Participant: 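My questions all concern the structure below.
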Number of protein chains: 2
Amino acid sequence: MATRTGGAGAAPEANEALRAQIVRAADALYYSRGITAVGMDEVRSTAGVSLKRLYALFPGKESLILAVLRHRHGIWEQGVEAAVAAAGSPRGRVLAVFDFLAEWFTEESFRGCGFVNAFGEMGPGFPSIAQYVREHKEGFQARMAELVREAGLPEQLAPQLALLAEGAQTTAAILGTAEPAEHARAAAETLLDASDATAGARP
Amino acid sequence: MATRTGGAGAAPEANEALRAQIVRAADALYYSRGITAVGMDEVRSTAGVSLKRLYALFPGKESLILAVLRHRHGIWEQGVEAAVAAAGSPRGRVLAVFDFLAEWFTEESFRGCGFVNAFGEMGPGFPSIAQYVREHKEGFQARMAELVREAGLPEQLAPQLALLAEGAQTTAAILGTAEPAEHARAAAETLLDASDATAGARP
DNA sequence: TTGCGCGGGGAACGATCGTTCTCTATTGTA
DNA sequence: TACAATAGAGAACGATCGTTCCCCGCGCAA
């Protein structure tokens, strides 16, 4: 009676693989077509699992959405960190965020920040989603502050640079062009130069 | 037989008043709770009209959404132009946009840019809505370029300032604070100062 | 071989959506 | 007063959603 061969409680590695498969499928669908427009049945058929398994792994759609956002958060952090790591100077590490954006914007599937989209669509009525999006954005602000501090730049620069990155994502999505990444990078460089000049004026 | 006392084709001024009443109600509902989450029946009861009249004035939900966005576009332009007109110097007229944002962000009902929210929610699947949002943002970019030009500033500043304004709206909405307006204004001032310094270096 | 329990596929359910239709009260007119 | 056309109120309809349930077939233990 103790032999549980399947279900949500056993074979943890297989369940994790299934979870990842479902989350990847749901992420692609949600991001490209919007969350409300994609039903659980389409997630099920795209991921190739049964409805029963789907609901065994995720108690409901809200839980699946949160898993998708966590997945997207990991991808975002990987992309940012890879670009930061590829940069040479501390100043370059700050600007690397905008290189990452420039690359991202040229992807065929780019459709803005998935967190902003989810917030606008599900924010009211789903506080857990709104809160997770807030945490994601706070995390980005914190990382930016870290990079600014490590470059020896004044800390008030961090939220300003984050604003540029945020605006670039939205503008690139709506206007359908990758140019905002370059505009944001140029503005960021100006802000960095100005703070260098200010610091140099009174050492 | 020619006496049409009501319907969509007669009494134009009364129909315009009704249209405005419906659009105002729908705008408040859509903005606060999301477009998909609000049904036509709730718009009908909030606006206090019959379903028949509602569908006589707007052939479908998509048409109502577009009318709401047009209405919101007018409000946005009024707010920006009022702030611009209240500013003294050409430089102040450029920065006035950020004063307007600071005011807006403190409103209780503030929930980000309604156009960005609509784009994220309805962009895929409703090309007419995506296109109108694009036109709205292009209009803002154009107005910003005009203000920059009138202030005698280099034109590449315009998209950078627009990025700051865009990012401030999104960040303020998600983080739930009005601070981004000040950050954006400070960054904008730095960009303006830097371009003045550059221009002054080689007259 | 024979039960038996579990998982997969999909039907089913209740709710809600956008939209249409029906019924009735009313109002203006001859 | 009688008639006709209209507008309001909401029922009704088909579609779709998230979620649950049922039934069948398969694999393992005795």
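Just so we're on the same page: letters track the sequence lines, and every chain starts at 1. No hydrogens, no waters, no symmetry mates; every other heavy atom, side chains included, goes into these values. Not measured: the values here are computed from a predicted model.
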Participant: So, does Glu121(B) use its side chain to make a donor-acceptor pair with the main chain of Thr36(B) at under 3.5 Å?
Facilitator: yes

Participant: In whole angstroms, how far is the P atom of dG9(C) from the CG atom of Leu54(A)?
Facilitator: 12 Å

Participant: Measure from the side chain of Ser50(B), starting at C-beta and using heavy atoms only, and say which of dT20(C), dG8(D), dT20(D) lies closest.
Facilitator: dG8(D)

Participant: Could you state the CE-P distance from Met40(B) to dA11(D), rounded to the nearest angstrom?
Facilitator: 18 Å

Participant: Measure CG/Leu57(A) against P/dG8(C) and give the value in whole Å, please.
Facilitator: 10 Å

Participant: Would you please classify the geometry between the Phe105(B) ring and the Phe110(B) ring as parallel, tilted or perpendicular, with 30° and 60° separating the classes?
Facilitator: tilted

Participant: Between dG8(D), dT19(C), dG7(C), which nucleotide gets closest to the side-chain atoms of Lys61(B)?
Facilitator: dT19(C)

Participant: For Glu103(B), is the CD atom crowded, meaning more than 12 foreign heavy atoms sit under 6.0 Å from it?
Facilitator: no

Participant: Out of dT20(C), dG8(D), dT19(D), which has the shortest distance to the side chain of Arg53(B)?
Facilitator: dG8(D)

Participant: Which heavy atom of Ala26(B) sits nearest to which heavy atom of Val43(B), and what is that distance?
Facilitator: CB-CG1, 4.1 Å

Participant: If each of Lys52(B) and Pro59(B) is mapped to the nucleotide of DNA chain C with the nearest heavy atom, which maps nearer the 5' terminus, i.e. the 5' end?
Facilitator: Pro59(B)

Participant: Starting at atom OH of Tyr55(B), determine the distance to atom P of dC17(C), rounded to an integer number of angstrom.
Facilitator: 12 Å

Participant: Within the 4.0 Å heavy-atom criterion, would you say Val38(A) contacts the bases, only the backbone, or no part of the nucleic acid?
Facilitator: sugar-phosphate

Participant: Quick check on DNA chain D: between Leu51(A) and Glu42(A), whose nearest nucleotide comes earlier from the 5' end?
Facilitator: Glu42(A)

Participant: To the nearest Å, give me how far apart CD (Glu62(B)) and C1' (dG18(C)) are.
Facilitator: 13 Å

